[in-house]
Amino acid sequence: MTSRRSTPPQPRVPEPSVALRELLAFDDGGTLRLLLAPAGRDVGVRGVAVGDEGPARPLDGCLVLVTGVPASSPDAAGAVREAAGRGASGVVLREAEGVPAAPEVPAAAEEAGIALLTRAAWADWTDTAALLRSALACARAGRDGEATGFTAGGAESLTALAAAVAGYTGGSITIEDTRLRVLAHSATGPDVDVLRRSTILGGRVPEWRVAELRRSGMLRALWTSRDVIHRAADADGPERLIIAVRSGPEVLGSIWAAGDGRALSPQAADALRRAAEVAAPLLVRHRLRESGAARRSELALRGLLYGDGDARTHAWSLGLSPDAACAVVVAERAGAAPGPGDRTLDVLALQAVTYRPSVQVLRDGDRLLVLLPVDGGPGREALALARELAGPAVPGGPVVLAGAGPVAAGASHVRASREEAALIVRVLHERAARADGTQPLRYADAAGVGPSLDVLRVLDAARPVWEAGDGPVHELVRADLAAGGDLVRSLAAYLDASGDVARAAARLVVHPNTLRYRLRRARERFGVDLDDPDTRLLITLAVRLTG
């Protein structure tokens with residue numbers, strides 16, 4: 001009997017290395033700075049690794065991002081030696097602004113023979129990793145021509161890419177960012193349509209066109225689709241094909257192809273798919289080039305919305321007049337916390353920034369804050385934006401609730417608009433939780449939620465007093481909630497029914513005598529007198545504060 005010999009596993013073919021100098025050439029925004037390269041700038045890099053991913057992962061030929069200690073700390077020398085011992089070709093450390101690297105750190109890199117780089121203080125590790133991975137992908141694609149349909153020379157810049165795609169599609173090409181600003185375009189012929197000419201000359205899609213794309217659902221489809229979208233020719237213009245450019249789940253921009261006096265080629269859709277892959281690293285590079293200014297803007301926007309620092313300075317930093325009227329819209333998911341891969345707020349942010357060029361958007365945890373310059377008046381524009389943001393952002397996705405704050409007369413009052421918008425969203429959450437089969441309200445301003453807004457303010461003010469207090473009502477609530485809360489729920493139903501035992505019992509689905517027994521127990525065991533108006537008010541507040 002012969003034994004069957006198992007086939008040994010095939011060794012994994014390592015990725016081809018890219019010279020360090022190629023990666024540095026890709027970084028034209030100053031994100032990285034080379035401090036030392038003992039083996040020269042032609043040392044090969046095979047990948048990017050994060051230093052705290054654990055010692056089990058091999059680092060052969062990797063550029064390691066050390067996310068803990070900065071270059072200014074002598075402790076970083078240990079991280080350099082560890083990475084070198086695991087086969088890394090280089091290390092990237094965080095730069096402390098205005099503070100040089102500790103002498104021990106370059107000495108350790110020199111001794112270990114690996115490259116030492118620092119990351120600019122204004123960048124972050126996510127951006128740095130995206131930059132390096134995009135540089136690796138771009139260099140490899142340019143080297144072997146990987147069936148992209150475009151030559152390496154055609155992918156060196158967005159303008160060159162637009163020209164190459166135009167040749168494959170037979171149309172006029174624009175490459176745009178997520179705000180629908182034109183980053184690059186192909187040459188146009190004499191028969192180019194008026195909209196395309198206006199877009200290129202204005203540097204962005206006209207506002208009236210953006211509004212039309214929003215109303216028709218085209219923008220939402222673009223930000224959520226992973227394939228080419230076709231828009232048939234109509235009286236307003238020729239046939240168009242559009243595709244979003246992505247880096248993983250993140251949308252970086254889009255490529256638009258429009259018929260230029262003739263029909264698009266049969267291969268146009270395939271050409272756009274390949275072009276989107278080639279465009280991704282180039283758009284990453286474009287974004288990183290602007291990220292220093294973007295981070296400063298984010299800090300200014302956060303300071304303006306939360307009232308930190310000088311509001312007038314923040315407004316000027318954002319390109320706004322400190323006296324400009326603004327309103328804030330707050331949007332949140334309804335229901336459970338977002339799961340992995342949820343893109344709801346990402347899609348909403350893309351939708352918000354296309355509402356108007358002056359709109360500013362801040363992603364704050366599981367919440368989206370939108371600063372909307374308005375023309376004054378009662379705030380109808382903010383409510384209109386809230387209506388657009390409410391509802392499912394992604395087909396089949398979670399529902400979104402949006403609140404529109406009041407118009408602030410200037411920068412110093414923006415915080416109050418943000419606080420009221422956030423309170424309105426809390427009211428919408430509470431109503432959604434209490435909805436009994438009816439369609440809950442998904443967006444509103446102060447007028448839309450009525451007295452509920454003031455009640456919430458009263459409850460917020462009363463909470464510290466309740467939590468610090470003591471007495472029969474406190475004892476009842478604490479003891480009963482620990483036992484399941486039947487008595488608290490019964491008291492709440494009784495008070496909501498204005499003392500009508502039969503109606504309250506029906507709401508609780510218990511016999512009226514059962515409810516009478518519970519009310520009697522509240523009086524006998526805890527000394528709570530429901531005939532006293534102050535006691536009834538305190539119980540009402542307690543139920544709302546602990547519910």
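Please read these numbers as outputs of a predicted model, since none were measured by experiment. Computation of the quantities below employed the complete heavy-atom set of this structure, encompassing side-chain atoms and omitting hydrogens, waters and symmetry-equivalent molecules.
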Any chance OH of Y443 has more than 12 other-residue heavy atoms, nucleotides or ligands included, within less than 6.0 Å?
no

Do any N or O atoms from the side chain of [X] and from the backbone of [Y] form a donor-acceptor pair under 3.5 angstrom?
X    : Y    : answer
R442 : A386 : no
R33  : R119 : no
H314 : R302 : no
S186 : A166 : no
R363 : G365 : yes
S89  : C62  : yes
D445 : L383 : no

Please output the side-chain donor-acceptor pairs of residues 414-422 that fall under 3.5 Å, not counting sequence neighbours, one pair per line with the distance.
from : atom 1 : to   : atom 2 : distance (Å)
R415 : NE     : E419 : OE2    : 3.0
S417 : OG     : V328 : N      : 3.0
S417 : OG     : P406 : O      : 2.8
R418 : NE     : L305 : O      : 3.1
R418 : NH2    : L305 : O      : 3.4
E420 : OE1    : R457 : NH2    : 2.8

Quick check: closest heavy atoms across [X] and [Y], and the distance to 0.1 Å?
X    : Y    : result
A275 : V165 : CB-CG2, 3.5 Å
W316 : S321 : CZ3-CA, 4.2 Å
A129 : L65  : CB-CD1, 3.8 Å
V407 : A325 : CG1-CB, 3.9 Å
L371 : C326 : CD1-CB, 3.8 Å
G403 : V425 : N-CG2, 3.4 Å

Measure the CG-CZ distance between L219 and R214 for me, rounded to the nearest 0.5 Å.
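Answer rounded to 0.5 Å: 7.5 Å.
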
Euclidean distance, L282 CG relative to L183 CG, rounded to 0.5 Å
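Answer for the CG-CG pair, L183 versus L282, is 10.5 Å.
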
Evaluate E176 against R204 for salt bridge (charged side-chain N to carboxylate O under 4.0 Å, His left out), listing each step before the verdict.
CA-CA 8 Å; E176 302 166 11; R204 62 171 290 118; over 6 Å; no

Any L456 side-chain heavy atom under 4.5 Å of E430 side chain:
yes

If you look only at pairs with a residue in residues 60-73, which of them pass as a salt bridge (charged side-chain N to carboxylate O under 4.0 Å, His left out), with sequence neighbours excluded?
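Every candidate salt bridge (charged side-chain N to carboxylate O under 4.0 Å, His left out) pair involving residues 60-73 fails, so no pair, neighbours aside, qualifies.
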
When you measure from the centre of the six-membered ring of W125, is the NZ or CZ of R94 under 6.0 Å away and within 45° of the axis?
no

Q351 and R220: side-chain donor and acceptor closer than 3.5 Å?
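A donor-acceptor contact under 3.5 Å links the two side chains.
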
Salt bridge (charged side-chain N to carboxylate O under 4.0 Å, His left out) assessment of R21 paired with D42
CA-CA 6 Å; R21 70 169 65 251; D42 289 322; 2.6 Å; yes

